[in-house]
Amino acid sequence: MIYVFLGIQGSGKGTQAKLLSNLLDLEHISLGEKFRKEIGKQTKLGKSVREYISKGILVPDDIVLELIKGQFAVRGNGCVFDGFPRTISQAAFLVEKYEVDRVLYLDLDDSIARERMRARRICDKCKRDYNLLFNPPHVTDTCDICNGHISPRADDKEELIQKRLDLFHQETKALIDFFIKKNLLSRVNAIGETQLIHKKILKEIILNS
């Protein structure tokens, strides 16, 4: 089983991808999480990725596909892709390499996405994600897991948010059209409680299975 989550930053695709992967016992493949770990470790790849992210632009296809080919593999029952693909070239690679069951597009208004992005936090030490609106830490600014300090994400600086939203819309329209033509896309309203959206996703999967 192969599922793909697409959605504007702040749409909750990471949370929903984790819920689905846990429910179906699938590998959760988060490109953004992998990039953040590489940045944190200050690897050559991480330094390259950080340069693009700091400018609010997409990481080039060759770097993304190198990471996908070299470090990610479908294990066991399958996987859930989170944050990949972002371009038509990446999407073409995906459908060529994998038999995709469903692409779930979490639809969210820009104003709500912007509010959610401003509330995102990440642990400086273990890189666990938080959101002050939905899953804040039990102790302010302190990670529940490792007691590390939590901070705003580097890619959520105010001056980059609108640029990233604009870029998302430019890239995603083509992706939506691509997956519609493949009869793979389900559009899910991403407003509401986490479990409600999860149920909407499961309904789409069952209807299209």
Side-chain angles (χ1 to χ4, degrees), residues 1-36 58-59 61 64-110 112-113 116-117 120 129 131 134-135 164-165 167-209:
M1 290 183 285
I2 306 293
Y3 296 101
V4 174
F5 277 86
L6 300 178
I8 200 167
Q9 295 88 345
S11 64
K13 62 181 179 296
T15 298
Q16 293 300 330
K18 289 177 183 176
L19 286 174
L20 186 64
S21 63
N22 289 338
L23 178 67
L24 301 180
D25 191 26
L26 304 175
E27 181 183 7
H28 176 211
I29 298 177
S30 170
L31 191 62
E33 184 176 305
K34 181 63 179 176
F35 280 156
R36 288 191 291 275
L58 289 178
V59 178
D61 288 341
V64 173
L65 294 181
E66 179 183 354
L67 187 63
I68 291 291
K69 294 173 184 176
Q71 301 186 34
F72 290 146
V74 177
R75 298 194 299 267
N77 298 327
C79 68
V80 178
F81 284 104
D82 164 15
F84 173 84
R86 291 289 300 275
T87 68
I88 292 298
S89 296
Q90 294 172 21
F93 167 84
L94 178 65
V95 296
E96 179 182 350
K97 186 171 182 61
Y98 301 117
E99 184 176 345
V100 178
D101 291 85
R102 203 72 193 156
V103 176
L104 300 144
Y105 173 58
L106 301 186
D107 198 3
L108 189 69
D109 184 78
D110 280 12
I112 300 176
R116 291 182 180 181
M117 279 190 277
R120 296 198 297 191
D129 290 314
N131 191 294
F134 307 117
N135 63 323
R164 291 170 64 211
L165 291 176
L167 181 61
F168 172 82
H169 289 301
Q170 293 170 15
E171 297 288 343
T172 302
K173 185 181 184 304
L175 280 179
I176 290 173
D177 292 342
F178 178 89
F179 285 119
I180 286 176
K181 290 177 182 178
K182 299 289 184 181
N183 197 30
L184 289 172
L185 190 96
S186 287
R187 190 184 295 263
V188 178
N189 188 320
I191 298 176
E193 296 294 329
T194 298
Q195 288 301 323
L196 174 62
I197 298 170
H198 181 58
K199 290 178 180 178
K200 294 178 185 179
I201 289 168
L202 295 180
K203 182 178 179 180
E204 287 295 325
I205 289 174
I206 291 171
L207 288 174
N208 293 281
S209 60

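Source: prediction; values computed, not measured.
The minimum heavy-atom distance between F179 and A91, with the atom names listed, is CZ-CB, 3.9 Å. The shortest non-hydrogen separation linking L31 to G83 is CD2-O, 4.0 Å. Counting all heavy atoms, side chain and backbone alike, M1 lies closest to L26 at CE-CD2, 3.9 Å. The minimum heavy-atom distance between L184 and V100, with the atom names listed, is CD2-O, 3.4 Å. Taking each heavy atom of I191 and K200 in turn, the nearest pair found is O-NZ, 3.7 Å. Between L6 and K13, the closest heavy-atom pair is C-CD, 4.1 Å.
Once rounded to the nearest 0.5 Å, the distance linking CG of L104 with CD1 of I205 reads 5.5 Å. The CZ atom of F81 sits 5.5 Å away from the CG atom of L94 when rounded to the nearest 0.5 Å. Between I201 atom CD1 and I206 atom CD1 the span is 12.0 Å, to the nearest 0.5 Å. Taking CD of Q195 as the start and CG of L19 as the end, the distance is 6.0 Å to the nearest 0.5 Å. Of the inter-residue distances, the one linking L24 atom CG with Y3 atom OH reads 6.0 Å to the nearest 0.5 angstrom. To the nearest 0.5 angstrom, S11 atom OG is 6.5 Å from F168 atom CZ.
Q9 places no side-chain N or O within donor-acceptor distance of the main-chain N or O of R116, the cut-off being under 3.5 Å. No side-chain donor-acceptor contact under 3.5 Å links D107 to the backbone of N189. At distances below 3.5 Å, at least one donor-acceptor pair connects side-chain atoms of Q90 with backbone N or O atoms of R86.
Between F93 and D61, the closest side-chain pair of non-hydrogen atoms is not below 4.5 Å. Under the 4.5 Å side-chain criterion, counting only non-hydrogen atoms from C-beta, M117 is in contact with L165. Residues E171 and I88 form no side-chain contact, since every pair of their non-hydrogen atoms from C-beta on lies 4.5 Å or further apart. Side-chain atoms of I2 and E99, non-hydrogen and from C-beta on, never get closer than 4.5 Å to each other. Side-chain contact between V188 and K203 is absent, with no heavy-atom pair separated by less than 4.5 Å. Side-chain atoms of L185 and F178, non-hydrogen and from C-beta on, never get closer than 4.5 Å to each other. Inter-residue side-chain proximity for N22 and H28 is flagged as unmet; no heavy-atom pair is nearer than 4.5 Å. Here the side chains of L65 and F84 are in contact, with some heavy-atom distance below 4.5 Å.
For N208, the side-chain contact (heavy atoms from CB on, under 4.5 Å) partners are R102, S186, E204, not counting sequence neighbours. Here K181 pairs with nothing under the salt bridge (Lys or Arg N to Asp or Glu O under 4.0 Å) rule; sequence neighbours left out.
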I'd like to know whether T172 forms a side chain to side chain contact (heavy atoms under 4.5 Å, CB included) with Y105, so could you lay out the CA-CA distance, the side-chain angles of the two residues, the decisive distance to 0.1 Å, and finally the verdict. CA-CA 10 Å; T172 302; Y105 173 58; 4.0 Å; yes
What's the verdict on side chain to side chain contact (heavy atoms under 4.5 Å, CB included) for K182 and V103, showing C-alpha distance, side-chain angles and the deciding distance? CA-CA 10 Å; K182 299 289 184 181; V103 176; over 6 Å; no
Derivation of the side chain to side chain contact (heavy atoms under 4.5 Å, CB included) call for I8 and H169: CA-CA 8 Å; I8 200 167; H169 289 301; 3.8 Å; yes
